[in-house]
Number of protein chains: 2
Amino acid sequence: MNLKQLSHMLSLSQTTVSRALNGYPEVSEETRRRVMDAAKRHGYRPNPSARRLATGKSGMIGYVLPTGNAVDIDPHFVEFLSGLGDYARSHELDLVLSPADADDQETTYRRIVANRQVDAVYISSPRPADRRLALVNTLGIPFIVHGRSEGFDFDYPYLDIDNEGAFHEAARLLVQLGHKRLALINGDDRETFAIHRERGVRRALAASGLTPGERHICSLTMTEENGYRAARRLLEESEPPTAIVCSSLIMALGVVRALRDLGLTIPSDLSLVAHDDVFPWLRPENFPVPLSTTRSSIRLAGARIAERLAARISGLEEGARGEVWPVDLVVRGSVAGAPG
Amino acid sequence: MNLKQLSHMLSLSQTTVSRALNGYPEVSEETRRRVMDAAKRHGYRPNPSARRLATGKSGMIGYVLPTGNAVDIDPHFVEFLSGLGDYARSHELDLVLSPADADDQETTYRRIVANRQVDAVYISSPRPADRRLALVNTLGIPFIVHGRSEGFDFDYPYLDIDNEGAFHEAARLLVQLGHKRLALINGDDRETFAIHRERGVRRALAASGLTPGERHICSLTMTEENGYRAARRLLEESEPPTAIVCSSLIMALGVVRALRDLGLTIPSDLSLVAHDDVFPWLRPENFPVPLSTTRSSIRLAGARIAERLAARISGLEEGARGEVWPVDLVVRGSVAGAPG
DNA sequence: CAAATCAGCCAAAGCGCTTTGGAAGACTCT
DNA sequence: AGAGTCTTCCAAAGCGCTTTGGCTGATTTG
């Protein structure tokens, strides 16, 4: 059932039927009702390919997926996706993943924009002065950044959590508990989120006249093994930290393992706080000692981004609005006063 | 730059240019070369929307993503995606994720097929007599199942690992080591993979005249917490198992935690084997006691599925070919003879 | 009352590609 | 030499929608 057939059986022109269905004003209410009725009754669904060719709109949002043999997709992605799906599902919005060589994403961005494959894109894990951002900005496709970049002379729309604030709070708490030697096991510090977190920690320390030890700030990809290694290295120093702030639950698993290997206990020997993106399959309250966390649901962020992208596509949202979500500090048994 | 312009500047018809570019035989080699050259030089890229409208082919593969408030996307998905991307990247194949209400995926399948949004789909986590499979089979769109279903009177193309064999081997090893009380902490047993795993374990036990205790086979969604709970329940029985086979590393984390809480040690009190899908961020060799695993890279499966889908789309693969990958049993320190 | 306005509809021209059904010319074959 | 056969190309008809530009008859306006 296509437009031609439908309009024919209504004895109307395709123009009128099309306009009736798309809510244009130049069609009488009665006609519109008739058309709508018939469309529903016959299960008419406009062919998206045709609509697309005519309008250039695809009804999909895009994401360029960095891939490569040495490239692992962030496990957070799946939770983000859950959120995105939660919103998109009810709006018949599909998501197009365009895999790209991690070292040459530009080609892919250009392709999907030139081909009008998607109406909007989102960008995640941005770095300072991220080229993708500059590119997408000049290409003129609607977009939203999940996270923030830095060092641009233009503004852009984003959704981020207050990473600096969160880690500032966490570190401040630890300092208040008397910790003088505080370490940060951070994610990849080429990414902005990690930079912000480090900034938060440093600021909290500085406020009490402390500076982190040279090697007490480390940056690694967020695996259990790296958490272990970092913790091990830190705790075997001559003056080990008495508190650690950690950028992910997965790394925290490794930290906990390292402590065990060294015969140290939480929180008497070491206080630990980690960031929790809220995975359903790994919860901080279920750590051997319940883990204090800075918590922010990445899934909710996914839903919000979908919502905002939809708004941008339909022109309801404009400009470079940035949105920063506060982060909860949830204190559990893994923190205590600094050891004697 | 579109076809019209290109053909005009070559003084050829659109027909000829189109045919030259698409490799049809009825154009001379010389002309083809001229056309190819000009196309490359001017960076001509056929407009996919137009091509799509004309041919009905989209150059994308689809996946219906079950979503909902109570629905969590499987964390394995991300690794699978990495693999899919590895292949798709080099073939300019995009992946369309269509989020759907987990309880009504049929509507979405019908929509993407009717709209010809994608050229092929894949289905994951199938259940016995899975309705999606029957649906997709009748809709006539090329597809591949990741995993297997059961109870159909038709064959279908799939890629699966030998779950039964893997768990049979694992259980057999434990039995050979003298374990009489063996428990299985399985994933959701409405899914075929879990059924196969259970079958493997039962078969190994039966071969030595053993049957698993009533409550020694449990089925739960694969979270750390569920692993903990199941292990705890099992080990607090009057006749606790001396060996556990576990369907995922994440659950195994919980098992290890439970053991610790109960003051038990691996492998002297309990032998443990888990299935490893090969996550970059959590490795069995890094468990407190290196974990024995049945190992199969889900990422490689993703790449293979992409490859086969592409082959199906282009007609290179036909029929209901099933492919079953063997699974490695990797023995590490977590298994030992049954305690005294 | 003629002129201007307006609501409501339509025919047709795109969008940019593929594909059908020839047609023209070159070549073979008897 | 004329009939048949290839080879190589083309014009035009789709694919199914949106949108431009106008037309008609009814209503308002000076």
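Convention: sequence-line order gives letters A, B, ...; per-chain numbering from 1.
- For B:Y122 and B:F80, the distance between ring centers is under 6.0 angstrom.
- A salt bridge links B:R308 and B:E323; the closest N-O separation between the charged side-chain nitrogens and carboxylate oxygens is under 4.0 Å.
- By the 4.5 Å heavy-atom criterion applied to side chains, A:R52 and B:R52 are counted as neighbours.
- Rounded to whole Å, the distance from NZ on A:K57 to C1' on C:dC15 is 16 Å.
- Rounded to whole Å, the distance from CZ on B:R19 to C1' on D:dC10 is 10 Å.
- Taken residue by residue, residues 39-52 of chain B places no heavy atom nearer than 4.0 Å to DNA chain D.
- One can place CD of A:Q117 at 20 Å from P of C:dC15, the figure rounded to the nearest angstrom.
- Straight-line distance from the CG atom of B:L3 to the P atom of C:dT19: 12 Å, rounded to whole Å.
- Counting only heavy atoms from C-beta outward, the side chains of B:R299 and B:L84 never approach each other to under 4.5 Å.
- In terms of modelled atom types and a separation under 3.5 Å, the side chain of A:T55 and the main chain of A:R51 share a donor-acceptor contact.
- For the pair B:R312 and B:E318, the salt-bridge criterion is not met [side-chain N within less than 4.0 Å of a carboxylate O].
- Taking atom NZ of residue B:K4 and atom C1' of nucleotide D:dC10, one finds them 15 Å apart after rounding to whole Å.
- Using a 4.0 Å heavy-atom cutoff across all strands shown, B:S11 reaches sugar-phosphate atoms only and no base atom.
- The CD atom of B:Q14 sits 16 Å away from the P atom of C:dT20 (whole-angstrom rounding).
- Taking the nucleotide of DNA chain D with the nearest heavy atom to each of B:E26 and B:L53, the more 5' of the two is matched to B:E26.
- Ring centroid separation for the pair A:F77 and A:Y63 comes in under the 6.0 Å cut-off.
- For the pair B:S18 and A:T55, both in contact range of DNA chain C, the more 5′-proximal nearest nucleotide belongs to A:T55.
- Distances shorter than 4.0 Å separate some side-chain N or O of A:N22 from OP1 or OP2 on D:dT18.
- Distances shown here put a side-chain N or O of A:S13 below 4.0 Å from the OP1 or OP2 atom of C:dC10.
- Between A:T15 and B:S28, the one whose closest nucleotide on DNA chain D sits nearer the 5' end is B:S28.
- The aromatic ring centroids of A:H91 and A:Y87 lie less than 6.0 Å from each other.
- With B:R19 contributing its side chain and B:E26 its backbone, the two residues share no donor-acceptor pair below 3.5 Å.
- To the nearest angstrom, C1' of D:dA11 lies 15 Å from NE2 of B:H8.
- A salt bridge links B:R148 with B:D160: at least one charged nitrogen is closer than 4.0 Å to a carboxylate oxygen.
- Side-chain N/O atoms of A:Y24 include none lying less than 4.0 angstrom from OP1 or OP2 on D:dT18.
- Note on the helix from C:dC1-D:dG30 to C:dT30-D:dA1: terminal axis deviation equals 50°, with five pairs used at each end and the result rounded to 10°.
- Atom CG of A:L21 and atom P of D:dG16 are 16 Å apart (whole Å).
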